[in-house]
Amino acid sequence: MTLRRSSSKYWSQIAKRYYRARRDSLDTNILLNLLNENIGAYNPHSVLEIGSGPGIFTENLYRKAWTVSTDISRRMLKFTKRRGIKAEFIQADMEHLPFKHDSFDMIVAYRVLEYSGNGTQTLRQFSKIAPIMLVQIPRHDSFRGFMLLLYRWARFPVLLLFKKNVRFKSYSFKSVAKLLKRSRLSQVRLITYNNGLDIHVVLRRNQH
Amino acid sequence: MRIPFFLFKRRTLRFWDYWLLSKFSGKVLNIPRCGRIKKTVVLSFDVETWDGKCGGQEELSANPEEEYFQYLPRLLAILDKYSVKAQFFVCGKVLELYSEAFEEVARRGHGIGGHGYYHENMSMLSCDSQKTVVSMVKRLMHKKLGVEMRSWRCPGLKANIETFKVLERLGVRYSSNCYRVKPLSINGVLEIPLSARMDYHVLKSQGQKNTDGNLWAEYVKKKIITSSGLLVFGMHTWVQKKYDPECNGVESLLDFLSSAWSSVWIGRFDDFEEIVV
């Protein structure tokens, strides 16, 4: 298993601040609703959460299915554990996941794909592990999107993000379409929310 | 089945032999997942202590009375608490000397298989001697426990191609003698490979310094989480008794599994009849 140390350190440093800023935000509530809706529709028995962070979504997930949470930062996982969330925690990089083929029913990857160096490769890897994927992708191609990005990150040490060399990629509609085409996954449902600034996609592995 | 060119009659089968068999001669089996079940787990225990010896070797900590009349009931109680059936591979000599301890194991519905008579190296024996050993253990099991022997694990996982012929002739359906290959059928015997040997000395040799019971359980948990398909864990009761007499490791593992019942199936080899195609 390889871990990008700079990313791991960065997320460890901002664990508590990130949780405080994100737990009650509007887009978190929308995402939680979307998550509940999809879990009700697919009724998975086992869920793998990629980039669980401080456990904002894990809190909701572990009551409905057997949940395994992964994150690059050990401190984030410890923080989630201390909050009394009864899931299984594994420290792993999303680009090098240690899971074998078809070991889960569903993958939930919210607020993670923008930090991946190769989105296509990461999505393909997800599709090997589980047949259904819930992915959230931020759309920061417009001026409003850029402003929102600044607003979101203004609460965190933005300069530290660049100093620590953490990857961050913003997607446009075009690049999302390209990404999905390249990863050869069938798209079940695509929703934009938060005034069209975020994209939520349900993906399914192709049967062939 | 004709013996393939790469197998001499007496040679001990190694990993690559099983791999070649699965490629060219044996029949690879699919263990289908029942609905949403992603992982199939078997906990198997080798029982091989008698007369100051563990597995035929002198061992200072060997104490069969304590192992079979204190540790084993504790283990069975924990397995019962979580309603889990495990698989036990018992030596013929142990059955002869301590049959009353294993009557309880059979009564509770756990799988019981053979593990040699004196824990002998099966691949060093001739075909006739192997036949004698297997039939002796089979007869003993029927006489003492009233159970039909249907599974077998060769001591030290050392088998040759003749072992499978003997097992097939004596009505043994399942064997578990190799590592890291897909389940396959050899001479009509279902070879169900081990995923990992879960003993403290093995973990120690892999670089784990601490021999705490929970550390062992954590290792198995991680293996279960990250894998899919069939997982057979091999343990020795004498090693478990020595390092984890209170069964904390097994309890913590079963506690973890109880949270994942919906996607993990756990049972014994005899239950495979329903799920192996």
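Protein chains get the first letters and strands the later ones, always in sequence-line order, with residue 1 at the start of each.
Within 6.0 Å of NZ on K64(A) lie more than 12 heavy atoms contributed by other residues, nucleotides or ligands. Within a 6.0 Å sphere centred on NZ of K158(B), other residues, nucleotides and ligands contribute 12 heavy atoms or fewer. Residue-environment remark: CZ (R182(A)) stays at or below the threshold of 12 foreign heavy atoms within 6.0 Å. No more than 12 heavy atoms of other residues, nucleotides or ligands sit less than 6.0 Å from atom CZ of R75(A). Within a 6.0 Å sphere centred on CD of Q121(A), heavy atoms belonging to other residues, nucleotides or ligands number 12 at most.
Not counting sequence neighbours, E88(A) has no partner by the salt bridge (Lys or Arg N to Asp or Glu O under 4.0 Å) test.
Scanning both residues, W66(A) and S263(B), for their nearest heavy atoms gives CE3-OG, 3.3 Å. Annotation for S262(B) and H45(A): closest pair O-ND1, 3.2 Å, computed over non-hydrogen atoms. Here the closest non-hydrogen pair linking S103(A) and S227(B) is CB-O, 3.6 Å.
Distance check: F99(A) CZ to K38(B) NZ gives 14.0 Å after rounding to the nearest 0.5 Å. Put simply, OG on S259(B) and NZ on K86(A) are 10.5 Å apart, with the number rounded to the nearest 0.5 Å. With rounding to the nearest 0.5 Å, the separation of NZ in K223(B) from NZ in K100(A) is 6.5 Å.
Considering L48(A), V68(A), T70(A) as possible partners of I225(B), the one that fulfils the side chain to side chain contact (heavy atoms under 4.5 Å, CB included) test is V68(A).
Side-chain contact check for K222(B) versus I90(A): some heavy-atom pair is nearer than 4.5 Å.
For the salt bridge (Lys or Arg N to Asp or Glu O under 4.0 Å) condition, the pairs that include at least one residue of residues 32-44 of chain A, sequence neighbours left out, are E37(A)-R189(A).
The contact between F104(A) and chain B is made by backbone and side chain atoms together, counting heavy-atom distances below 4.5 Å.
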